[in-house]
Amino acid sequence: MQHVTIQPKLINTIADVTPTVLAAMARTSDPRLKQIMDSLVRHLHAFIIETKPTEEEFEGGLRWLTALGHHTNESNNEVVLAADVVGASTLIDLINNDGMQGETMSALLGPFYRGQAPECVSGECIARSETPGPTLYFKGRVTGVGGAPIEGAKLDVWQASPVGLYENQDAGQDDFNLRGVFRTDADGSFNFVSVKPAGYPIPVDGPVGDLLRAQHRHPMRPAHVHFIVSAPGHKTLVTQIFSDTDDALATDVVFGAKTQIIGDFVEHTEPHPDYPGAPLPFYTCAYQFKLVEGESSYPVPPISGKKS
Ligand code: BEZ
Ligand code: FE
């Protein structure tokens, strides 16, 4: 019997490239991988044909991508940062978490989530080392979308210091400063004490910073506190609560701020009976987190530790 082999087609023109590459990938057995790679190749080739990079530009682009890896370490994930500043992370977020069932909207996990933060009791202060700045009293509730309290929900909280650095970026802060894990009580409530977050620049000492400078963009994120809210039988919420007075809300360098997750950070310049002895001025913020029913999962931390 004669053995018939189908000869791959040789590439002789621009028009030959895309169909030949698609044919080479045609036996991919995982249908989702095939769908994603086929689409990626079609769009990538269309982008190249539209922009017609020179060889120098192509090499420069590859060097920029390589530098993302070289600037990624245990305290910084430049690859995540790159996905954030081009809006890719926010698009993925909105596609997968559209808030259409009345749940609180999500926001980027960001590159500074560490995991393994200390378990705290309700009302505990997460400033573990000297952290100058106005005190913030944060009061929250976790409910279902219909308002029923969720007891025992877990809240993983982290934020930057008032000088705009997460503890893992700053040798001056104790390990896990401004990070903590809280649990809701029977009526879904939790509260903690911290310092009022300030806006801060994302790291600009790597290839992402080079890109922002070339685009004449500022590197600022509006002030926020991060939360991962999880409870059995409910879809885990990864979000940020933003300070309502921050100037950079609409120009967030990573496109993370959304109207629904802007908190009311109230400034108190007079003593208040609920906060006896609080140094003036101090701030309060109350927020209700609404979880939709679904599968509880947990994100993988993009970084593992502290800058040495
Ligand atoms: C953050 O909020 O921690 C963050 C998110 C995206 C990029 C950089 C920082
Ligand atoms: Fe942040």
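Each ligand, and each atom within it, is numbered from 1 in the order the structure gives. Residues take their numbers from the sequence shown, with the count starting at 1. No hydrogens, no waters, no symmetry mates; every other heavy atom, side chains included, goes into these values.
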**Prompt:** Taking Asp244 for the side chain and Asp264 for the main chain, is one N or O donor matched with an acceptor at less than 3.5 Å?
**Reply:** no
At less than 4.0 angstrom from any non-hydrogen atom of [X], what atoms of ligand 1 do you find?
X      : value
Pro111 : 4 (C), 5 (C), 6 (C), 7 (C), 8 (C), 9 (C)
Val254 : 6 (C), 7 (C)
Phe112 : 3 (O), 9 (C)
Ile202 : 8 (C)
His226 : 1 (C), 2 (O), 3 (O)

**Request:** Please determine if Arg221 has a nitrogen or oxygen closer than 3.5 Å to a nitrogen or oxygen of ligand 1.
**Result:** yes
Taking only Lys NZ, Arg NE, NH1 and NH2, and the carboxylate oxygens of Asp or Glu, determine whether [X] and [Y] approach each other closer than 4.0 Å.
X      : Y      : result
Arg183 : Glu151 : no
Arg128 : Glu167 : no
Asp84  : Arg221 : no

**Message:** Under 4.0 Å, counting heavy atoms only: does Tyr200 come that close to any atom of ligand 1?
**Reply:** yes
**Prompt:** Contact between Tyr166 and ligand 1, counting heavy atoms under 4.0 Å?
**Reply:** yes
May I ask you to check whether [Y] and [X] place their ring centres under 6.0 Å from each other?
X      : Y      : value
Phe282 : Tyr137 : yes
Phe138 : Phe227 : yes
Phe112 : Trp158 : no

**Three-point angle His226:NE2, the Fe ion (ligand 2), Tyr166:OH, rounded to the nearest 10°** = 90°
**Message:** Tell me which one of Ile126, Asn191, Val121 satisfies side-chain contact (heavy atoms from CB on, under 4.5 Å) with Phe182.
**Reply:** Ile126
**Message:** At a threshold of 2.8 Å, where the distance has to be below it, does the Fe ion (ligand 2) have an N, O or S atom of Gln159 nearby?
**Reply:** no
**Prompt:** Identify the closest protein heavy atom to atom 7 (C) of ligand 1: which residue and atom is it, and at what distance?
**Reply:** Asp84 OD2, 3.2 Å
**Asked** To which protein heavy atom is atom 5 (C) of ligand 1 closest, and what is the distance rounded to 0.1 Å?
**Response** Gly110 CA, 3.4 Å
**Item:** Axial cation check for Phe176 ring with Arg114, 6.0 Å and 45° limits
**Value:** yes
**Request:** Please state which part of Leu81 comes within less than 4.0 Å of ligand 1, counting heavy atoms only: side chain, backbone, both or neither.
**Result:** side chain
